[in-house]
K.L.:
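So that we are looking at the same thing, I have put the structure below in structure tokens.
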Amino acid sequence: MMKRPSTLADVARRAGTSTAVVSYVMNDGPRPVAAATRERVLAAAAELGYRPNRIARALRSRTTGVAGLVLADASNPYFGALARHVERALESRDLLTLVGNAGYSARRQRHLVERFLAAQVDGLVIVSADSVGDVADVTEAAGVRAVYIHNGPPGARVAAADNQGAVREAVAHLRGHGHRHVAFLAGPDDEGPVGVRRAAWHAAVAGDPDAALLRCAYSRAEADALTRRLAAVGALPHALVTATDEQAIGVLSGAWACGLAVPDRLAVISLDGTPESAHTAPALTVTEQPLQAMAEQAVALLFDEAPAPLAPHAALVTRHSCGCGVRPQGEVQRT
């Protein structure tokens, strides 16, 4: 037989007080409780293993203490790292997080939002990638606020980093290493933040007809295969900014397979800065997305009616893939 869960009344009996006082302690109000009584109630709750009934609390307060988090792709390390920061930011407000994986599907994203709304979540944080679907109609109809992080439709509350500044800094840094022509590896199309990054690169290399625009899917395998194909026909650039770390890791793999040294033959900077980027061979130079700041801004927008924040800076973290720490600046093949 399973043991019956302890109740508010059990704690009150053990502490020698009323259930109302126990409720005030567990809910931190609405009335004050003397310090000695509070300690006695908390000790009784710990002895009995009492856990507040979230459903009962929701019925009383008309809030559930639960937020929904929809991820673009749970298998992508960038989105996984961002999700951890969002969860911590929500937890700091005593909110439980329900997580759903959209798998890069706008249709599934909408389905998850509808499921979370049916579960009576207090708010929604949507970490969306390309082909983002706007769910404002269903969230507004339900009276639940939703914010986007990393990417969102026009007019939505979005917490995102300064992608344009990150690209400009990456291009300038590679030029500082002596590279005249800086190529860019984008995604299959120009939707979402990658489109913003591609446009910023185009502006940064304006007037250089030899700065190549490359495209492939956001996967290591596709970027590896692209690198091998370009190397085989002598079309691989000497300096490259990649839109994502997943692509950058694939580029490093492809270059290694072709016997091409990084950064001697190919200098690389990536625009995500996930934790994995520090452990590649060679370690990737990145513009590190301020994931914690983005997560905190998103949660503030969700609950505080805060004005739209300024885009936080994505700091350049120099490692070996661009040429830093390998030889003095300028001692690379000028292209």
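For reference, positions follow the sequence shown, starting with 1.
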K.L.:
Linking directly or through intermediates, with side-chain heavy atoms under 4.5 Å: list the remaining ILVMFWY members grouped with L214, chain and number order.
P.N.:
L185, L226, L230, L236, L240, I249, V251, L252, L260, V262, L266, V268, L284, V286, V317
K.L.:
Which pair of non-hydrogen atoms, one from V299 and one from R93, has the smallest distance, and what is that distance?
P.N.:
CG1-NE, 3.1 Å
K.L.:
Any non-hydrogen side-chain atom of Y218 less than 4.5 Å from a side-chain atom of P188?
P.N.:
yes
K.L.:
Excluding sequence neighbours, so at least two apart, what forms side-chain hydrogen bond (donor to acceptor under 3.5 Å, both in side chains) with S277?
P.N.:
R319
K.L.:
To the nearest 0.5 Å, what is the distance between CD (E169) and CG (L316)?
P.N.:
4.5 Å
K.L.:
A side-chain contact here means heavy atoms from C-beta on lying under 4.5 Å apart; do R110 and D137 qualify?
P.N.:
yes
K.L.:
With a 4.5 Å cut-off on side-chain heavy atoms, are Q164 and V196 touching?
P.N.:
yes
K.L.:
On a heavy-atom basis, which atom in S128 and which in Q109 lie closest, and how many Å separate them?
P.N.:
OG-OE1, 3.0 Å
K.L.:
Does E191 reach the side chain of N151, with side-chain heavy atoms less than 4.5 Å apart?
P.N.:
no
K.L.:
Counting C-beta onward and ignoring hydrogens, is there a side-chain heavy-atom pair between C324 and H177 closer than 4.5 Å?
P.N.:
yes
K.L.:
Could you check V241 against V182 for side-chain contact (heavy atoms from CB on, under 4.5 Å), going step by step and ending with a plain yes or no?
P.N.:
CA-CA 7 Å; V241 176; V182 179; 3.8 Å; yes
K.L.:
Would you say the side chain of T139 lies within less than 4.5 Å of the side chain of V113, judging by non-hydrogen atoms?
P.N.:
yes
K.L.:
Cluster question for you: counting only ILVMFWY and a side-chain heavy-atom cut-off of under 4.5 Å, with indirect links fine, are V127 and L95 together?
P.N.:
yes
K.L.:
Nearest 0.5 angstrom please: R115 CZ to L98 CG, how far?
P.N.:
10.5 Å
K.L.:
Minimum heavy-atom separation for V144 to V121, with atom names?
P.N.:
CG2-O, 3.8 Å
K.L.:
Would you say E91 has more than 12 foreign heavy atoms packed within less than 6.0 Å of its CD?
P.N.:
no
K.L.:
Please examine the side chains of L90 and F303, heavy atoms only from C-beta on, and report whether any two atoms are closer than 4.5 Å.
P.N.:
yes
K.L.:
Examine distances only and state if a side-chain atom of S321 and a backbone atom of T285 form a donor-acceptor pair shorter than 3.5 Å.
P.N.:
yes
K.L.:
Per the salt bridge (charged side-chain N to carboxylate O under 4.0 Å, His left out) rule, what does the pair list look like for residues 270-283, sequence neighbours excluded?
P.N.:
R197-D272, R220-E276
K.L.:
I need the full list of side chain to side chain donor-acceptor pair (under 3.5 Å) pairs touching residues 227-236, with sequence neighbours left out, sorted by first then second residue.
P.N.:
D224-R228
K.L.:
For a side-chain contact (heavy atoms from CB on, under 4.5 Å) check, start with the C-alpha distance between V125 and T97, then their side-chain angles and the critical distance, and finish with the verdict.
P.N.:
CA-CA 10 Å; V125 179; T97 306; over 6 Å; no
K.L.:
Keeping to residues at least two apart or across chains, list the salt bridge (charged side-chain N to carboxylate O under 4.0 Å, His left out) pairs with something in residues 198-212.
P.N.:
D190-R198
K.L.:
In Å and rounded to the nearest 0.5 Å, what is the NE2 to CD distance from H313 to E288?
P.N.:
10.5 Å
K.L.:
I need the H85 NE2 to E296 CD distance, nearest 0.5 Å.
P.N.:
9.0 Å
K.L.:
Could you list the cluster mates of V233? Members are the ILVMFWY residues connected by side-chain heavy atoms closer than 4.5 Å, either directly or through other members.
P.N.:
none
K.L.:
Who pairs with T274 by side-chain hydrogen bond (donor to acceptor under 3.5 Å, both in side chains), at least two apart in sequence or on another chain?
P.N.:
D245
K.L.:
Are the aromatic rings of F184 and H202 close, with centres under 6.0 Å apart?
P.N.:
no
K.L.:
Working to the nearest 0.5 angstrom, can you tell me the gap between I149 CD1 and M294 CE?
P.N.:
5.0 Å
K.L.:
Going by the salt bridge (charged side-chain N to carboxylate O under 4.0 Å, His left out) test, which pairs reach into residues 67-84, not counting sequence neighbours?
P.N.:
none
K.L.:
With sequence neighbours left out, write down each residue that passes side-chain hydrogen bond (donor to acceptor under 3.5 Å, both in side chains) with N101, or none if nothing qualifies.
P.N.:
none
K.L.:
Would a distance-only check, ignoring hydrogens and angles, find a side-chain to backbone donor-acceptor pair under 3.5 Å from T17 to A12?
P.N.:
no
K.L.:
How would you list, by chain and number, every residue that makes a ring pair (Phe, Tyr, Trp, His ring centres under 6.0 Å) with F116, sequence neighbours excluded?
P.N.:
none
K.L.:
Given 3.5 Å as the limit, does a donor-acceptor pair link the side chain of W201 with the main chain of L213, or not?
P.N.:
no
K.L.:
Quick one, Y78 with E246, criterion side-chain contact (heavy atoms from CB on, under 4.5 Å). Give me CA distance, side-chain angles, the key distance, then yes/no.
P.N.:
CA-CA 9 Å; Y78 172 79; E246 291 294 280; over 6 Å; no
K.L.:
Any non-hydrogen side-chain atom of L301 less than 4.5 Å from a side-chain atom of Y148?
P.N.:
no
K.L.:
Look at the side chain of Q247 and the backbone N and O of T244, then say whether any donor-acceptor pair between them is shorter than 3.5 Å.
P.N.:
yes
K.L.:
For a quick test of reading the model, state the closest non-hydrogen atom pair linking A243 to A186 and the distance between them.
P.N.:
CB-CA, 4.3 Å
K.L.:
Is a side-chain N or O of D122 found less than 3.5 angstrom from the main chain of G65, in a donor-acceptor match?
P.N.:
yes
K.L.:
Under the side-chain hydrogen bond (donor to acceptor under 3.5 Å, both in side chains) rule, collect the residues that match up with T287, sequence neighbours excluded.
P.N.:
none
K.L.:
Roughly how far apart are L96 CG and L69 CG, rounded to 0.5 Å?
P.N.:
11.5 Å
K.L.:
Which heavy-atom pair separates A160 from P312 by the least distance, and what is that distance?
P.N.:
O-CD, 3.1 Å
K.L.:
Looking only at non-hydrogen atoms, find the nearest pair between A204 and R175 and report the distance.
P.N.:
O-NH1, 3.2 Å
K.L.:
Tell me which pairs pass salt bridge (charged side-chain N to carboxylate O under 4.0 Å, His left out) where either residue lies in residues 149-162, with sequence neighbours left out.
P.N.:
none
K.L.:
Take Y50 and V41 through the side-chain contact (heavy atoms from CB on, under 4.5 Å) test and state the conclusion after the steps.
P.N.:
CA-CA 11 Å; Y50 170 74; V41 169; over 6 Å; no
